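As the structure is a prediction and not an experimental result, all values here were calculated from the model.
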Amino acid sequence: MEHKFFIYNTLTRKKEKFVPIHNPYVGMYVCGPTVYGDGHLGHARPAITFDLLFRYLQHLGYKVRYVRNITDVGHLEHDADEGEDKIAKKARLESKEPMEVVQYYLNRYHKAMEALNVLPPSIEPHASGHIIEQIEFIKKILKSGYAYESEGSVYFDVEKYSKRYNYGELSGRNIDELLETTRVLDGQSEKHRSADFALWKKAQPEHIMRWPSPWSDGFPGWHLECSTMGTKYLGEEFDIHGGGMDLIFPHHECEIAQSTAALGHQTVRYWMHNNMITINGQKMGKSLGNFITLDEFFTGKHDLLKQAYSPMTIRFFILQAQYRSTVDFSNEALQASEKGMQRLMEAYRRLNSLTASEQSTIDVKGLRKSCEDAMSDDLNSPIVISHLFDSVKSINAVKDGKATISSEDLEELKSVFKLFIEDILGLYDESAIGNNSSTEAYKKAVDLLLDIRMQAKKNKDWATSDKIRNELTASGFTINDTKDGFEWSI
RNA sequence: GGUUCCUUGGCCGAGUGGCUAGGCAACGGUCUGCAAAACCGCAUACAGCAGUUCGAAUCUGCUAGGAACCUCCA
């Protein structure tokens with residue numbers, strides 16, 4: 001299998017040709033959500049970006065194992081010394097078991113992801129389910145000498161590590177500066193340096209999420225789960241690791257350090273990072289309090305939203321930007337996406353009612369390759385969409401009788417549209433009506449009404465024809481007359 | 001303060017040296033009983049200044065504005 005698929009590697013800061021380690025198998029790991037709150041628009045971005053990657057890799061013929069973790073141990077809220085993890089805190093506030101909180105938000109996350117047509121990953125490991133593995137991982141780092149125990153906690157020794165390896169290579173941070181600016185630590189701290197990070201944290205008495213370990217009853221550090229679970233399920237070396245750009249430092253930098261310290265080599269070939277979604281030019285984030293949850297988008301219930309936006313509108317909106325660009329949220333932009341997507345899906349539907357002719361006056365041949373080239377250029381979904389829109393014009397021209405299409409070209413166009421719209425971009429027709437026997441009957445009934453209207457039109461009985469159209473419109477249907485008939489949708 | 005990055009027409013958003021992005025909106029027109037849909041036409045955009053070049057939105061420098069990371073964050 002040989003493909004020219006280029007992806008931007010954060011580690012080298014350039015686009016590189018994708019070559020899997022164990023062709024045709026591909027391992028990809030993506031940082032998933034910390035489940036202590038509802039998912040917001042920002043969470044949709046990596047989910048959709050890496051869903052696009054997952055789908056495209058499969059289209060290219062790779063056998064992909066996609067691992068997306070669930071962080072349910074909770075990252076530390078503030079400085080480690082006064083640490084209380086987010087899930088424990090939320091649990092206390094809501095008087096619930098931590099795992100009850102986790103389950104609640106995880107269910108809601110899954111529901112939102114399903115609505116966005118994000119395929120479930122192959123494995124969705126929980127950090128809390130891999131405490132033993134994480135402890136073993138810490139032991140390896142201790143054994144290699146890059147960690148130290150202090151007051152029941154274990155910390156990673158960044159300075160020592162940086163003498164042999166390159167701490168900061170992913171984020172472009174200068175280790176000397178990092179160490180320089182963090183040199184002053186009061187003697188009370190357990191950490192030798194503040195640049196050091198926790199691998200194991202001793203739990204305070206009030207800390208309810210805790211597990212036994214050789215060092216103390218406590219919990220694993222924030223970065224460890226990804227190193228541990230990534231290598232557990234994908235091997236000591238795997239192809240792709242993804243996540244949001246805000247995770248580059250310190251999260252992914254620490255991951256590289258941990259894995260390298262434990263195993264003696266790096267584990268990840270290609271690091272991919274999606275950019276942020278902004279709101280008024282500023283990052284949408286939990287800590288900034290300027291986020292809009294996915295449910296709020298779906299229902300339109302938020303002060304900043306002028307209307308509800310369907311899951312597919314959100315998905316299309318995100319796919320209209322390349323994943324490494326920021327996307328600025330605004331009602332105008334979302335409305336433009338909604339309209340545009342409707343036009344695209346309308347044309348896709350129309351494809352099934354086109355009549356083929358002997359010859360084509362439109363050009364269909366280049367489309368498949370153009371779309372593939374765009375996808376292969378670091379997942380350039382906006383270019384794919386622009387190519388599809390070019391074909392929308394052709395489809396409409398045929399529909400209007402201003403152009404013709406051969407049956408061969410029509411089949412090709414249908415095939416390419418299905419492939420890119422449904423299989424790769426993961427868009428589905430939200431206004432499509434199912435195909436079971438009851439909807440068949442319902443469709444026939446609507447068709448019958450509109451046939452009667454056509455008859456009335458022929459007789460210039462505008463009162464009857466307008467009545468039928470108006471009543472149906474009032475019930476939520478959209479009726480469009482065509483050259484020699486009608487189209488309807490709901 | 002340090003590191004990195006961004007600034008494209010009314011809005012969103014591709015493009016990284018010469019050749020059309022695309023979508024939405026607006027405007028004009030065609031079609032139509034009306035409406036809708038569709039189609040056609042339409043913006044000589046690239047933050048500012050200077051430089052490199054036969055030629056720059058695209059390279060270099062400076063200026064202005066903005067962002068991300070440096071602390072949990074997708």
Tabulate atom names and distances for all N/O pairs under 3.5 angstrom spanning the protein and nucleotides 35-42 of chain B.
{"from": "B:rA35", "atom 1": "N6", "to": "A:D481", "atom 2": "OD2", "distance (Å)": "3.2"}
{"from": "B:rA35", "atom 1": "N1", "to": "A:R469", "atom 2": "NH1", "distance (Å)": "3.4"}
{"from": "B:rA35", "atom 1": "N3", "to": "A:R469", "atom 2": "NH1", "distance (Å)": "2.9"}
{"from": "B:rA36", "atom 1": "O2'", "to": "A:N480", "atom 2": "OD1", "distance (Å)": "2.8"}
{"from": "B:rA36", "atom 1": "N1", "to": "A:D481", "atom 2": "O", "distance (Å)": "3.2"}
{"from": "B:rA37", "atom 1": "O2'", "to": "A:R350", "atom 2": "NH2", "distance (Å)": "3.0"}
{"from": "B:rA38", "atom 1": "O3'", "to": "A:N396", "atom 2": "ND2", "distance (Å)": "3.1"}
{"from": "B:rA38", "atom 1": "O2'", "to": "A:D400", "atom 2": "OD2", "distance (Å)": "2.4"}
{"from": "B:rC39", "atom 1": "OP1", "to": "A:N396", "atom 2": "ND2", "distance (Å)": "3.0"}
{"from": "B:rC39", "atom 1": "O2'", "to": "A:K402", "atom 2": "NZ", "distance (Å)": "3.4"}

Distances under 3.5 Å between protein N/O atoms and the N/O atoms of nucleotides 15-18 of chain B, please, pair by pair.
{"from": "B:rG15", "atom 1": "OP1", "to": "A:N380", "atom 2": "ND2", "distance (Å)": "3.1"}

Next item on the list: Determine which pairs satisfy side chain to side chain donor-acceptor pair (under 3.5 Å) with at least one residue from residues 109-122 of chain A, sequence neighbours left out, and list them in order.
Entry: A:H110-A:E124
Margin query: Could you work out, with ring-ring contact (aromatic ring centres under 6.0 Å, His included) as the rule, every residue matching A:H273, not counting sequence neighbours?
Written below: A:H252
Note to self: Please enumerate all residues that pass ring-ring contact (aromatic ring centres under 6.0 Å, His included) together with A:Y233, with sequence neighbours excluded.
What the structure shows: A:H130
Measuring only the [atom1] atom in each nucleotide, how far is [N] from [M]? A whole number of Å is fine.
{"N": "B:rC27", "M": "B:rU32", "atom1": "P", "value": "23 Å"}
{"N": "B:rG10", "M": "B:rG48", "atom1": "P", "value": "13 Å"}
{"N": "B:rU8", "M": "B:rA37", "atom1": "C1'", "value": "32 Å"}

Next item on the list: For RNA chain B, determine which residues of residues 42-49 of chain A have any heavy atom closer than 4.0 angstrom to one of its atoms, and list them numerically.
Entry: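 Those residues are A:G42, A:H43, A:P46.
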Note to self: So is the aromatic ring of A:W462 stacked onto the base of B:rG33, judging by whether the centres are under 5.5 Å apart and the planes are under 30° apart?
What the structure shows: yes
Pairs where [range] contributes a residue and the test salt bridge (charged side-chain N to carboxylate O under 4.0 Å, His left out) is met, not counting sequence neighbours:
{"range": "residues 334-349 of chain A", "result": "A:E346-A:R349, A:E346-A:R350, A:R349-A:D429"}
{"range": "residues 315-324 of chain A", "result": "A:D51-A:R315, A:R324-A:D378"}
{"range": "residues 385-402 of chain A", "result": "none"}

Item checked: Residues forming a side chain to side chain contact (heavy atoms under 4.5 Å, CB included) with A:Y165, sequence neighbours excluded -> A:Y146, A:Y161, A:T260
Checklist line | Bracket notation of RNA chain B in which parentheses pair within the strand, [ ] cross earlier pairs, and | pairs with another strand (Watson-Crick or G-U, under 3.5 Å) | finding: (((((((..(((.....[...)))..((((.......)))).....(((((..]....))))))))))))....
Distances for protein N/O vs nucleotides 65-68 of chain B N/O pairs under 3.5 angstrom?
{"from": "B:rA68", "atom 1": "OP1", "to": "A:K283", "atom 2": "N", "distance (Å)": "3.2"}

Checklist line | Trace of the side chain to side chain donor-acceptor pair (under 3.5 Å) decision for A:S376 with A:Y56 | finding: CA-CA 9 Å; A:S376 288; A:Y56 191 58; 2.8 Å; yes
